[in-house]
Amino acid sequence: MVCSIGVIFLFGSLLPWSNGANDFFTSTGQMTDLLHTEKDLVTSLKDYIKAEESKLEQIKEWASKLDKLSAIAVKDPEGFLGHPVNAFKLMKRLNTEWAELESLVLKDMSDGFISNLTLQRQYFPTDEDQIGAAKALLRLQDTYNLDTKTFSSGDLPGVTHKATLTVDDCYELGKVAYSDADYYHTELWMAQALSLLDEGEESPVDKVTLLDYLSYAVYQQGDLDRALILTKRLLKLDPDHQRANGNLKYFEYMLAKQMKMEQADEGTKKEEEVGQTNQKKGPSLDYLPERKKYEQLCRGEGIKLTPRRQKRLFCRYYNNNGNPRYILGPVKQVDEWDKPRIVRYLDVISDEEIETVKELAKPRLRRATISNPITGVLETAHYRISKRRATVHDPQTGKLTTAHYRVSKSAWLSAYEHPVVARINQRIEDLTGLEMDTAEELQVANYGLGGQYEPHFDFGRKDEPDAFKELGTGNRVATWLFYMSDVAAGGATVFPEVGASVWPKKGTAVFWYNLFPSGEGDYSTRHAACPVLVGNKWVSNKWIHERGQEFRRPCGLTEMV
Ligand code: OGA
Ligand code: FE2
């Protein structure tokens, strides 16, 4: 109905978008490289400016010298040329010196800078990366219920370096939402850009363009009245705006029609009408209930632990039934949740160990494909990566897409690579009492801007028969997760099925069983890593497998599970 009228417009397509490997911005390591690249480019740009200035200086000197000379010469040309030296110098100037000046004027001082820029450009983010980063901001906005004003003023919790969004930045976010037919966010960000302009911010983006997008986004969400008001405002600024003039008539026509229908059947139809044009893609419509719960938990809301249950959670010194390595120095163990049982160990990895693990992982996080150098394990590593990058169904289109599933970078570390890795594996074995030989390698993950891991099970389900077959070690019986950084805001590990949120705390680790002692998967362990709002998040985890645990799974814990 709407499109057939043909008055309503679509803007030309914006930046191209595909679901490729747009994960540049997902790890802080690469972003750090970009910052350094940019710093080098600024140095090179400053060198260019200096060279250009010194060139101009030379030209200026020449000009002023000749200015003086010719002023004297033209006063009495014959007398001037009567001096043989002057005559000779005139010849010399015209024959050679002007040519020298010409080459100086023509000299290109930008070579160094331009070649530097060309060289570095190959590492620059692409349109896809920029769109990905914009979408990450929109996602954060939804998850953490942040209004556009707070966001654009940079007033986020826990920030140390305040950063604000300009009119153009807001406009850019609006356009990304628009090209995704996400009119909810289009409206929010175009309105924010407009209000910054209204507050007097200077920008090359004009109000007419913003109002054009805004009225369309509002119209798409079914608010004809506001669409009309916005179109009128646009026409005040640009009375000849063709599309707006067309839309004005269309909106008035639609409103009149609506009014008639309302009068005819007392407004019962109106709702339907609005419903039809309402293509709002805001958080309220297409988010699944699980997503709602997940987002709530990410914000630290909706945690479902009654005071009675809370009272039964304890903390204690723990040495795993007298493990010799922990008798003298037991670790602090805290109950985070009862069902499923999630325990946290405090101070189980030192800052030095964390640094070593991060340094070992960093060069690998930068690589597009991550593989374990050990032969044989390599395939497994690929398998894990592809599993983590698994395709998901886009709720909008039903199409398979790679977006959002896990936005992080990971690397695998083997015990033989560094004594610290071996020591860490041993520690997990000592504290859990579980066999590490059949566990997967230590995985290190770094979540950057908007980095997250959507709700998932760590264990393989029955409908995924081949999940861990190639490993030959059975299913993932338990998960050990080290937090290797504090996160300024966001980044919790949440369990939407049971309403638990676990907050990252540097040096601690959480542990839970994914399977019941029977080998059945415990569906209440479904969990997710919330997007990082401010800061960045480092974790490392160990996925422990069934084989080898036959005589090891401690009885104390099995009773609880
Ligand atoms: C995992 C996982 C959660 C987190 O690695 O399996 O779910 O908070 N991580 O990083
Ligand atoms: Fe997980």
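Given the structure is predicted, the values throughout are model-derived calculations rather than measurements. Whatever order the structure lists ligands and atoms in, that order sets their numbers, starting from 1.
- Angle NE2(H527) to the Fe ion (ligand 2) to OD1(D458), rounded to 10°: 100°.
- Checked against a 3.5 angstrom limit, the closest N/O atoms of T479 and ligand 1 fall outside it.
- The shortest N or O to N or O distance between H527 and ligand 1 is under 3.5 Å.
- A donor-acceptor pair is defined here as one N or O able to donate and one able to accept, closer than 3.5 Å; such a pair exists between the side chain of D335 and the backbone of F314.
- Contact atoms of ligand 1 toward N541: 5 (O) (distance under 4.0 Å to a heavy atom of the residue).
- Below 4.0 Å from some heavy atom of T493 lie the following atoms of ligand 1, by number and element: 3 (C), 4 (C), 8 (O).
- Shown here for M190 and G174, the closest heavy-atom pair between the two residues is CE-C, 3.6 Å.
- Each of F457, F495, W337 was checked for a ring-ring contact (aromatic ring centres under 6.0 Å, His included) with W512, and the lone residue meeting it is F495.
- In the vicinity of V539, heavy-atom distances shorter than 4.0 Å reach the ligand 1 atoms 10 (O).
- Of all non-hydrogen atoms in K304 and E497, the two that sit nearest each other are NZ-O, 4.4 Å.
- Ligand 1 has no nitrogen or oxygen under 3.5 angstrom from a nitrogen or oxygen of Y453.
- Between R547 and T438, the shortest heavy-atom distance links the atoms O-OG1, 2.7 Å.
- Its N, O or S atom nearest to the Fe ion (ligand 2) is what matters here, and for H456 that atom is NE2.
- Residue A529 has at least one heavy-atom neighbour below 4.0 Å for each of these atoms of ligand 1: 3 (C), 4 (C), 8 (O), 10 (O).
- Under the 6.0 Å cut-off for aromatic ring centres, Y523 and F459 qualify, their centroids lying closer than that.
- Here the two rings, on Y213 and W189, have centers that are 6.0 Å apart or farther.
- Atom numbering of ligand 1 starts at 1 in the shown order; those under 4.0 Å from a heavy atom of K537 are 4 (C), 8 (O), 10 (O).
- Within the 4.0 Å heavy-atom shell around ligand 1 one does not find Q443.
- A cation-pi contact, defined as under 6.0 Å to the ring centre and within 45° of the axis, links R553 to Y513.
- Interface of W543 with ligand 1, defined as ligand atoms under 4.0 Å from a residue heavy atom, comprises 1 (C), 5 (O), 6 (O).
- Atoms of ligand 1 lying under 4.0 Å from at least one heavy atom of D458, given by number and element, are 6 (O).
- At a cut-off of 3.5 Å, with distance as the only test, no side-chain donor of T43 or D40 sits close to an acceptor on the other residue.
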